[in-house]
Every structure is written in structure tokens, then in C-alpha cells.
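It should be emphasised that the depicted structure is a prediction, and the values quoted were computed from it without experimental measurement.
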Amino acid sequence: MADKKLARTFIAAAILALGAPVTHAEEREWLPYKKFVDMLSLDKFYAVDAKQRDHLRALTRLQPENTAIKPEDIVLTVVHAGNRDRLSISHDGYLELAPNPAWIREDAVIYTNMPKGEKAKISMTFASRTPDTLQLSYGELATSVGQWNAVIKEQAGVMRFMLPHFNALDIHFAKPAGQTLQVLSKDGAKTYTADAKGELKLKISDDLMRSNPQVIFSEKPALMEVDEI
């Protein structure tokens with residue numbers, strides 16, 4: 001799965017300093033805020049009209065190569081115009097960062113608590129907004145697939161030919177517990193069950209997009225991302 005994820009993420013070549021336990025490391029200058037935004041193409045994503053990406057999330061993920069380093073121990077702080085703002089990082093290393101034009105104009109700098117040493121990877125994940133309810137329509141659930149394909153076509157330029165054409169959802173639950181997704185089509189109910197990792201893959205059906213049946217989750221997903229299968 002790791003190799004497949006590399007094929008469907010924008011990979012930024014970034015050296016992250018890791019070595020001593022990061023919780024006790026001294027803060028140091030890491031890289032300019034503008035460079036961080038540019039290398040992930042976040043400006044292009046947020047340049048798309050909000051209505052055309054209302055089911056999408058552009059998530060940045062930090063993945064230390066040293067598995068002994070926990071992403072939640074990493075601290076990134078933006079220092080700008082006499083102030084400091086810490087970037088929120090989830091326990092599994094995700095950030096949701098909308099570019100701040102003022103910080104870019106001020107040549108803000110990101111500081112980190114990671115000392116020089118080991119490498120880590122920064123990538124952008126093509127994520128979907130998780131539904132607010134357990135029951136919704138098939139079309140509503142699948143909206144992000146079409147939206148991501150449209151955003152890539154509009155913003156990636158010639159690079160779009162190097163990127164996948166998404167046709168599925170990769171649904172993650174917080175903890176593996178045999179969670180299900182039930183599709184109530186006119187031909188009867190079909191149940192999809194999460195695997196031992198708490199992950200469920202749903203290939204989008206054109207026929208079901210047209211008939212638009214109801215779908216029911218047994219539990220709200222923790223994360224959803226588009227996929228190509």
C-alpha cells in the first residue's frame with residue numbers, strides 16, 4: 001500500500017532534522033513558509049473556486065523515516081511579524097494548511113523542534129471531507145472523486161498526465177472493528193466490510209451514480225481519500 005500511496009500523492013523532497021528525541025530538542029529554523037506552500041502546490045488547490053472543492057481536503061502529511069519518531073511529537077511553528085503560530089499536526093502526521101497571504105508577504109519562517117539528522121517525507125494526500133451523518137446518498141459520498149479529477153485537470157497543467165484518474169474511495173476508520181458500509185440499491189443491499197487495518201475500499205459505480213441509492217455507515221470514518229483501483 002505504501003508504494004501505491006506514493007503514486008497518488010505529490011511528493012516534496014524535504015530533509016527533516018530528526019535524531020535526538022524531538023520532545024526535548026531545541027527549536028531551530030527549518031524553511032521559509034512560502035517554500036512549504038509552494039512545494040505542495042497548496043496555492044493552486046485553494047485558487048479553485050470553493051464550490052468546486054467543497055467535498056475536498058488537501059492534507060499535508062509528515063512521515064519520519066525513523067519509525068521511532070512519532071509525528072505528534074513534531075512541532076512546527078510559523079514565526080511572522082513579531083508573532084508565533086503553531087501548526088496543528090494530528091497523531092498520524094496530518095496537517096490541513098490553507099496558505100496565509102500575510103505570512104507569505106512577511107517572509108515568515110517555519111521553526112521546528114527537530115534537530116539535524118534523519119530524513120522524513122512530506123506529501124500531499126488527496127482527501128475527502130468525511131460525511132456529517134451515517135446515512136447519505138451514494139452520489140454525495142462519491143462527490144469528491146469527480147471533484148478531485150476536475151481540480152487536477154484544471155490546476156496540474158501538463159502534469160495531469162502523470163497523475164492518476166481517481167475512481168474509488170479509500171475509507172479509514174479510527175480503530176479496526178469490522179466497520180461496514182451498506183449500499184441500498186434497487187437490486188438489494190450490498191455490504192462492504194473494513195479489513196484488519198480498519199480500511200475499506202469502494203470502487204465508484206457509474207450505474208449507482210445514476211440511480212443514487214442511500215448508503216449507511218456503521219461508524220463515522222476518521223479519514224477518506226480518493227484512490228485509483
Side-chain angles (χ1 to χ4, degrees), residues 5 8-18 22-64 69-130 132 143-144 147-160 163 222-226:
K5 281 186 177 292
R8 56 190 172 87
T9 53
F10 290 124
I11 302 300
I15 304 286
L16 300 188
L18 303 166
V22 295
T23 53
H24 303 294
E26 292 184 5
E27 186 180 65
R28 68 175 182 86
E29 185 174 324
W30 184 43
L31 81 168
Y33 175 79
K34 184 179 185 301
K35 182 177 180 180
F36 189 67
V37 170
D38 288 348
M39 69 186 186
L40 291 161
S41 299
L42 293 174
D43 54 335
K44 292 184 177 181
F45 174 76
Y46 283 98
V48 175
D49 186 273
K51 292 181 180 179
Q52 298 175 11
R53 54 177 172 83
D54 59 355
H55 284 65
L56 309 184
R57 302 176 69 195
L59 297 181
T60 301
R61 190 177 190 188
L62 275 69
Q63 296 174 282
I69 305 297
K70 297 180 179 180
E72 67 255 37
D73 290 336
I74 298 172
V75 177
L76 299 179
T77 304
V78 180
V79 178
H80 60 94
N83 209 341
R84 299 167 58 88
D85 283 89
R86 180 170 173 174
L87 301 179
S88 177
I89 304 175
S90 69
H91 73 280
D92 44 4
Y94 286 104
L95 302 85
E96 189 163 13
L97 177 67
N100 187 314
W103 294 356
I104 293 174
R105 289 193 302 269
E106 296 163 6
D107 294 324
V109 174
I110 300 177
Y111 281 71
T112 182
N113 65 334
M114 300 180 296
K116 294 181 179 179
E118 302 178 23
K119 297 179 181 179
K121 181 168 64 241
I122 302 175
S123 61
M124 179 178 146
T125 298
F126 300 96
S128 310
R129 296 212 173 273
T130 53
D132 295 326
T143 296
S144 60
Q147 285 192 346
W148 266 122
N149 285 328
V151 166
I152 289 172
K153 183 177 180 180
E154 178 181 340
Q155 295 294 329
V158 295
M159 290 292 290
R160 68 181 183 274
L163 296 170
L223 173 69
M224 298 194 337
E225 49 187 319
V226 293

*Run the side-chain contact (heavy atoms from CB on, under 4.5 Å) check on Leu62 and Leu76 step by step: do they pass?*
CA-CA 11 Å; Leu62 275 69; Leu76 299 179; 4.1 Å; yes
_Nearest 0.5 angstrom please: Ile74 CD1 to Trp30 CH2, how far?_
8.5 Å
*Report the residues that fulfil side chain to side chain donor-acceptor pair (under 3.5 Å) with Gln147, sequence neighbours left out, ordered by chain and then residue number.*
Asp54
*Please list, chain by chain and in numerical order, all residues satisfying side chain to side chain donor-acceptor pair (under 3.5 Å) with Asp43, sequence neighbours excluded.*
none
*If you look at every heavy atom in Val226 and Ser128, which pair is closest and at what distance?*
CG1-OG, 3.8 Å
*asked:* Which heavy atom of Ala127 sits nearest to which heavy atom of Trp148, and what is that distance?
replied: O-NE1, 2.8 Å
*Which residues pass the side-chain contact (heavy atoms from CB on, under 4.5 Å) test with Glu96, sequence neighbours left out?*
Tyr46, Arg57, Leu59, Arg129
*Tell me, please, which residues at least two apart from Val109 pass side-chain contact (heavy atoms from CB on, under 4.5 Å).*
Glu29, Tyr111
*Side-chain heavy atoms of Val75 within contact of Thr112, under 4.5 Å*: no
*Between Arg61 and Glu225, is there a side-chain N and carboxylate O pair less than 4.0 Å apart?*
no
*Going through the distances and angles, do Trp103 and Ile110 end up as a side-chain contact (heavy atoms from CB on, under 4.5 Å)?*
CA-CA 10 Å; Trp103 294 356; Ile110 300 177; over 6 Å; no
_Under the side-chain contact (heavy atoms from CB on, under 4.5 Å) test, residues paired with Asp107 that sit two or more places apart_ = none
*Rounded distance (nearest 0.5 Å) linking atom CD of Gln63 with atom CG of Asp92*: 9.5 Å
*For the atom pair CD (Glu72) and NE2 (His91), what is the distance rounded to the nearest 0.5 Å?*
7.5 Å
*Over all atoms of both residues, closest heavy-atom pair of Ile89 and Pro71*: CG2-O, 3.9 Å
*Residues two or more places apart in sequence or in another chain: which of them pass side-chain contact (heavy atoms from CB on, under 4.5 Å) with Val48?*
Gln52, Arg53, Val151, Glu154, Gln155
*Looking at NE2 of His80 and CG of Asn83, how far apart are the two atoms once the value is rounded to the nearest 0.5 Å?*
4.5 Å
*Which distance, rounded to the nearest 0.5 Å, do you find between the CE of Met224 and the OG1 of Thr125?*
14.0 Å
_Pairwise distance CG(Leu95) to OG(Ser90) - rounded to 0.5 angstrom_ = 7.5 Å
*Report the C-alpha distance between Leu40 and Phe45 in whole Å, list the side-chain angles of each, state the deciding distance to 0.1 Å, and finish with yes or no for side-chain contact (heavy atoms from CB on, under 4.5 Å).*
CA-CA 9 Å; Leu40 291 161; Phe45 174 76; over 6 Å; no
